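A quick write-up on the structure given underneath.
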Protein chains: 2
Amino acid sequence: MQAINIFLTGRLGETLEDFMHGETRYAFGSLYPDGPHRVVEGPVCAFVDWVMDDLSGLEMCRRLRADPRTEDAHITIVLEEDDAADKRRALKAGADDYMVGPLDRTLVLDRVMALQAGCGQPGIAERLELGELTIDAAALQARWAGEPLDLRPNEFRLLRFFAQNPDRVLTRADLIEALGKQEPPIDERTVDVWIGRLRKALRAAGAGERVRTVRSLGYVYDSR
Amino acid sequence: MQAINIFLTGRLGETLEDFMHGETRYAFGSLYPDGPHRVVEGPVCAFVDWVMDDLSGLEMCRRLRADPRTEDAHITIVLEEDDAADKRRALKAGADDYMVGPLDRTLVLDRVMALQAGCGQPGIAERLELGELTIDAAALQARWAGEPLDLRPNEFRLLRFFAQNPDRVLTRADLIEALGKQEPPIDERTVDVWIGRLRKALRAAGAGERVRTVRSLGYVYDSR
DNA sequence: GCCGACGGTCACAATCGCGTCACATGCCCG
DNA sequence: CGGGCATGTGACGCGATTGTGACCGTCGGC
């Protein structure tokens, strides 16, 4: 899977910066009006706050577009509220897309991963394969032996994370964090229910028992 | 699908320049009377305003025809009003085609894609095939298993865009933008209605359920 | 100028997704 | 062998999201 450079500004940065760490495969940078501007090679996507301290998101979009290093970036502008005029202005300033806040990290993560997977020319959409399991992050779809798995979004996210960390014990806290949940605080027991649902879906697709319980610790995806 | 070089002048440039970016597959250039003239290899098509600040569209046509780099270009001249005499003059000056403004981006996009599909040399991706689905952009027609789909223009554009981005989550914003809509700002909920109509048409043709909803994110065209 | 096709919006109903609870079952350890 | 904690799972209910029929304005053709 190819690295993608993600830029986050303002509130969004605070929201996600602490999340994109460790095992995530993102090259990560901060982008500030006139501050350090760490740019690396490869496809870039940016999430730009509509409101920032000292520079509007619009201006930020224009600068990204103007900079030859980032002119091809996929820019998502994050609006405070659902205002049609702002949307138009955002697209006009070079944004490719917009989302309306307050942001649901869960969705941002889906978006980021989908962009990562589908970045650049279509057709190269990277897939994550693990035995019979195929995760197509761009299509937000998983398959077992070629057959589509019938997964709810949450189950998909769970499986995606398992597939990214196979044969490793993942605690309930890991899983809750990985799915981007944080508000309201999720009861750890809820994870058990997620697991149950995921197991059922995998069983229904003939995948057998893939998710093993590790008592008092968490769960493991057995890639075997 | 092969890249095509598109030149836009004057008001048209302003209208579409901000649109042809990112995932679109166009090499893009601006063409000004005596200004920079970025020319790349490959088939070229040009949209030339009838009225420009300091040079008439007619003169522009002649220059394009005279320039060996662009003498084979497909030139569409954009008239202010529907004047038969102007049309004749335009064709005489070397234009291959004309359209009457004020421009509807939606239509320009249809035109551009149709040209791209049928452009110059035969053999250049005239058709877009995806399983049973065939998109004939030049004819503005889609088929399922050889049988023509009964689609309205909007539905066709939608399907065309889906076919260009199969197995990728496309947000409502993506779709609105892809169809060239911008004025008046389109309500995102409207996309749901487009989808509903497209689904019905596909179903009627025996294509089954091709367009999958991705809750809170958008829609995906499932190629399989 | 009339008429039909097309496309955008609205409002309402249906559905879906998911977090939680409650209870059943299972496992570990003394 | 028993107590107690850990996990599995069916059921429930709330919200949010989506599907869709109906309505209506617009445009183009006749």
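So you know, we letter chains A, B, ... as the sequences are listed, proteins then strands, and number each from 1. Because the structure is a prediction, the values reported are computed rather than measured. Atom set for the values below is all heavy atoms of this structure, side chains included, hydrogens, waters and symmetry mates excluded.
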| query | chain B on DNA chain D: first and last contacting nucleotide, 5' to 3', under 4.0 Å to a heavy atom? | reply | D:dA16 to D:dA22
| Of residues 198-210 of chain A, the positions that come close to DNA chain D - non-hydrogen atoms, cut-off under 4.0 Å |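 Per residue number, the list reads A:Arg199, A:Lys200.
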With the criterion being N/O to N/O and under 3.5 Å, what pairs connect the protein with nucleotides 26-30 of chain C, and how long is each?
| from | atom 1 | to | atom 2 | distance (Å) |
| --- | --- | --- | --- | --- |
| C:dG26 | N2 | A:Arg215 | NH2 | 3.3 |

For [X] against [Y], the heavy-atom pair lying closest together:
| X | Y | value |
| --- | --- | --- |
| A:Leu133 | A:Ala163 | CD2-CB, 4.1 Å |
| A:Leu159 | A:Ala142 | CD2-CB, 4.0 Å |
| A:Ile186 | A:Ile176 | O-CD1, 3.8 Å |

Taking only N/O atoms, report every protein-nucleotides 19-24 of chain C pair under 3.5 Å with atom names and distance.
| from | atom 1 | to | atom 2 | distance (Å) |
| --- | --- | --- | --- | --- |
| C:dG19 | OP1 | A:Lys181 | NZ | 2.9 |
| C:dG19 | OP2 | A:Asn154 | ND2 | 3.4 |
| C:dG19 | OP2 | A:Trp194 | NE1 | 2.7 |
| C:dG19 | O6 | A:Arg197 | NH2 | 2.9 |
| C:dT20 | OP2 | A:Asp187 | N | 3.3 |
| C:dT20 | OP2 | A:Thr190 | OG1 | 2.8 |

Side-chain donor/acceptor of [X] to backbone N/O of [Y], under 3.5 Å:
| X | Y | result |
| --- | --- | --- |
| A:Asp136 | A:Ala139 | yes |
| A:Asn154 | A:Trp194 | no |
| B:Asp167 | A:Ala138 | no |
| B:Arg199 | B:Val211 | yes |

| task | Could you tell me which residues satisfy side chain to side chain contact (heavy atoms under 4.5 Å, CB included) with A:Ala173, sequence neighbours excluded, listed by chain and number? | result | A:Thr171, A:Glu188
| field | Contacts of type side chain to side chain contact (heavy atoms under 4.5 Å, CB included), residue B:Glu132, not counting sequence neighbours | value |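 B:Glu132 satisfies side chain to side chain contact (heavy atoms under 4.5 Å, CB included) with B:Trp144, B:Ala145 once adjacent residues are dropped.
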Value in whole Å for how far the [atom2] atom of [N] lies from [atom1] of [X]:
| X | N | atom1 | atom2 | result |
| --- | --- | --- | --- | --- |
| B:Glu188 | C:dG8 | CD | P | 14 Å |
| A:Asp192 | C:dC18 | CG | P | 17 Å |
| A:Asp110 | C:dG17 | CG | C1' | 14 Å |

| said: Classify A:Phe156 by what it touches in the nucleic acid, base, sugar-phosphate, or nothing, heavy-atom distance under 4.0 Å. | reply: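 Since no nucleic acid heavy atom lies under 4.0 Å of A:Phe156, the category is nothing.
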| request: Can you sort out the partners of A:Arg172 under side-chain hydrogen bond (donor to acceptor under 3.5 Å, both in side chains), two or more places apart, ordered by chain and number? | output: A:Asp192, A:Tyr219
Check salt bridge (charged side-chain N to carboxylate O under 4.0 Å, His left out) between [X] and all other residues, then give those that pass, not counting sequence neighbours.
| X | answer |
| --- | --- |
| B:Arg212 | B:Asp222 |
| A:Arg143 | none |
| B:Asp187 | none |
| A:Arg152 | A:Asp150 |

| request: Considering only NZ, NE, NH1 and NH2 on the basic side and carboxylate oxygens on the acidic side, decide whether A:Asp110 and A:Arg160 come within less than 4.0 Å. | output: yes
| message | How bent is the helix from C:dG1-D:dC30 to C:dG30-D:dC1, measuring the angle between the end axes built from five pairs each, rounded to 10°? | response |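 It comes to 30° between the two terminal axes.
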